[in-house]
Visitor: 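Mind having a look at this structure? Questions to follow.
A, B, ... follow the sequence lines: proteins, then strands. Residue 1 opens every chain.
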Number of protein chains: 2
Amino acid sequence: MSRIGLTKDIILQSAMEIVDNIGAENLTLKVLADKLGVRSPSLYNHFNSLSDLLTALMLYGWKQLEYRVMQAAIGKSKDDAIKSMCAAYLNFTLEHLGLFNIMQSYNQHISQETIAATSGLIETIRQVLSAYNLSEKYEVHTIRVFRSFLQGYVYLVQHDSFGNSVSIRDSFNVGVGILLKGLKENENIKLGK
Amino acid sequence: MSRIGLTKDIILQSAMEIVDNIGAENLTLKVLADKLGVRSPSLYNHFNSLSDLLTALMLYGWKQLEYRVMQAAIGKSKDDAIKSMCAAYLNFTLEHLGLFNIMQSYNQHISQETIAATSGLIETIRQVLSAYNLSEKYEVHTIRVFRSFLQGYVYLVQHDSFGNSVSIRDSFNVGVGILLKGLKENENIKLGK
DNA sequence: ATATTTTATCTAATCAGATTAGTTTTGTCA
DNA sequence: TGACAAAACTAATCTGATTAGATAAAATAT
């Protein structure tokens, strides 16, 4: 019998497909091993535990999201850049519902690694925001508010919490619009509280 | 040996304490049964399964949150009411981190019951918003944007995703302020898109 | 009051999934 | 080629949810 030649990346890719297809709650070592054509204990050659694997999967997700959002900002500035980044965020997360779920639930304990995985993203956001000349504190506030909105919006969409026929994209754009307006309020206030 | 006399409510109360104290991921039937002075199979007299229990716990959480937020709106209107409600939301969720976690993760499948559990809350919000004379669509957009912000903000706080010294309450208030401003933009526009 | 029914609880057993121990096989490199 | 490290396997263990069946307390009916 010839060796399959697993690597962390192959495993993570497979795990991502599973969670996106059948949901995060149905990812078990057995299911994953079956898909890879291997017995479940073999996975322990690549990860120390299921929780280890999920953590890696979470970071894998953040890195991909980071990439997509950074791409979206290329060649754009100010409102255009922000709108484009927000749209990229929404698109990615809607394509990867299961993965996004894992990204949510598995950064409980972790800090160092999550921060590392998203530092490029945060840096990009900061660069885009620098065009608005926000005070230091307001920049922090702004990033937090945007992140909260994005995070919450996707979460609620994912959980079908908007039991209504009004377009998901429309509300999203209205939300981004409101935030952008708020951003202008604080533009050039160098000494904001 | 005398019977303990468990009820769903007693069990849920206990479960809430557990998740708030030691985290949602550590709630097992064994831990819960131990706390209640009973063997774990006994819990099956009150719930059909762990997942059943978690669903009930989730609804229990939403009902409590609903109560707190509705309380906060009493005797207030417009911006005051909204600020107060948002603050109540933040306070409740920060007091009940574990419970909030369950509230998040266990409304995947459910719909009818979750909707029932939060209908009073939504109704209250609608009443407060009615003072702004929003168009029908904008009312929906607005509610969605507020919910998203709240949901996301608490989530990020809970997961220590704001790795920064700037005050959690300040950013929250800035966020609410921005949303309220956005709300005014659309006030009295009866034929909004 | 007593008999009957219901049901909360128990113990013992089963099942599924993660994990560990120990073995075999394969690939690599001196 | 031979030796070593790594990848995979089988078999066994452990934990936690769940089921089956028994017991006894409480509730209800006679």
Visitor: With B:Lys184, which residues qualify under salt bridge (charged side-chain N to carboxylate O under 4.0 Å, His left out), at least two apart?
Guide: B:Asp79
Visitor: Report the residues that fulfil side-chain hydrogen bond (donor to acceptor under 3.5 Å, both in side chains) with A:Asp34, sequence neighbours left out, ordered by chain and then residue number.
Guide: A:Lys30
Visitor: Just jot down the side-chain hydrogen bond (donor to acceptor under 3.5 Å, both in side chains) partners of B:Lys78, sequence neighbours excluded, or say none.
Guide: B:Glu187
Visitor: For a quick test of your reading: what N or O donor-acceptor pairs under 3.5 Å do the side chains of residues 90-97 of chain B make, sequence neighbours left out?
Guide:
{"from": "B:Asn91", "atom 1": "OD1", "to": "B:Arg169", "atom 2": "NH1", "distance (Å)": "2.7"}
{"from": "B:Asn91", "atom 1": "OD1", "to": "B:Arg169", "atom 2": "NH2", "distance (Å)": "3.3"}
{"from": "B:Asn91", "atom 1": "ND2", "to": "B:Ala87", "atom 2": "O", "distance (Å)": "3.2"}
{"from": "B:Thr93", "atom 1": "OG1", "to": "B:Tyr89", "atom 2": "O", "distance (Å)": "2.9"}
{"from": "B:Thr93", "atom 1": "OG1", "to": "B:Leu90", "atom 2": "O", "distance (Å)": "2.9"}
{"from": "B:Glu95", "atom 1": "OE1", "to": "B:Arg68", "atom 2": "NH1", "distance (Å)": "3.3"}
{"from": "B:Glu95", "atom 1": "OE1", "to": "B:Arg68", "atom 2": "NH2", "distance (Å)": "3.2"}
{"from": "B:Glu95", "atom 1": "OE2", "to": "B:Arg68", "atom 2": "NH2", "distance (Å)": "3.0"}
{"from": "B:His96", "atom 1": "ND1", "to": "B:Asp20", "atom 2": "OD2", "distance (Å)": "2.6"}

Visitor: Nearest-Å distance, CG (B:Asp34) to P (C:dC10)?
Guide: 11 Å
Visitor: Within this structure, what is the CG-to-P distance between A:Asn48 and C:dT20, rounded to whole angstrom?
Guide: 9 Å
Visitor: Which whole-number value in Å describes the distance from B:Ile4 CD1 to D:dT23 P?
Guide: 21 Å
Visitor: Whole angstroms only, please: what is the OH-C1' distance between B:Tyr44 and D:dG16?
Guide: 9 Å
Visitor: Please give, in whole Å, the distance from D:dG16 C1' to B:Leu43 CG?
Guide: 13 Å
Visitor: Among C:dA18, D:dT19, C:dC10, which nucleotide has an atom closest to any side-chain atom of B:Val38?
Guide: C:dC10
Visitor: Whole Å only: how far is the CG atom of B:Leu27 from the C1' atom of D:dA17?
Guide: 12 Å
Visitor: Rounded to the nearest Å, what distance is computed from the CZ atom of residue B:Phe47 to the C1' atom of nucleotide D:dG16?
Guide: 18 Å
Visitor: Cluster partners of B:Met70, using ILVMFWY side-chain heavy atoms under 4.5 angstrom, listed by chain and number?
Guide: none
Visitor: I'd like a list of close polar pairs between nucleotides 2-7 of chain C and the protein, N/O only, cut-off under 3.5 Å.
Guide:
{"from": "C:dT7", "atom 1": "O2", "to": "B:Arg3", "atom 2": "NH2", "distance (Å)": "2.9"}

Visitor: Would you indicate which nucleotide in C:dC10, C:dT19, D:dA8 comes nearest to any side-chain atom of A:Ser49?
Guide: C:dT19
Visitor: Go through the structure and list residues passing side-chain hydrogen bond (donor to acceptor under 3.5 Å, both in side chains) with B:Asp52, not counting sequence neighbours.
Guide: none
Visitor: At under 4.0 Å, does any side-chain N or O of A:His46 touch on OP1 or OP2 of D:dA8?
Guide: yes
Visitor: If you apply the rule ring-ring contact (aromatic ring centres under 6.0 Å, His included), what do you find for B:Phe162 with B:Phe172, and how did you get there?
Guide: CA-CA 12 Å; B:Phe162 295 151; B:Phe172 186 79; over 10 Å; no
Visitor: Would you please name every residue forming a side-chain hydrogen bond (donor to acceptor under 3.5 Å, both in side chains) with A:Ser171, sequence neighbours left out?
Guide: B:His141, B:Arg144
Visitor: Using atom names, set out every protein N or O paired with an N or O of nucleotides 11-16 of chain C below 3.5 Å, distance rounded to 0.1 Å.
Guide:
{"from": "C:dT11", "atom 1": "OP2", "to": "B:Arg39", "atom 2": "NH1", "distance (Å)": "3.4"}

Visitor: How does the hydrophobic cluster around B:Val140 look, that is, which other residues are in it when side-chain heavy atoms under 4.5 Å mark a link?
Guide: A:Val166
Visitor: Sorted by first residue and then second, give each side-chain hydrogen bond (donor to acceptor under 3.5 Å, both in side chains) pair with at least one member in residues 119-131 of chain B; sequence neighbours left out.
Guide: B:Arg126-B:Glu139
Visitor: Using heavy atoms and a sub-4.0 Å distance, could you list which residues of residues 12-24 of chain A are near DNA chain D? By number, please.
Guide: none
Visitor: Whole angstrom is fine here: how far is it from CG in B:Asn26 over to P in D:dT15?
Guide: 15 Å
Visitor: Before giving the answer on side chain to side chain contact (heavy atoms under 4.5 Å, CB included), spell out for B:Leu134 and B:Leu183 the whole-Å C-alpha distance, their side-chain angles and the decisive distance to 0.1 Å.
Guide: CA-CA 8 Å; B:Leu134 302 171; B:Leu183 217 160; 4.0 Å; yes
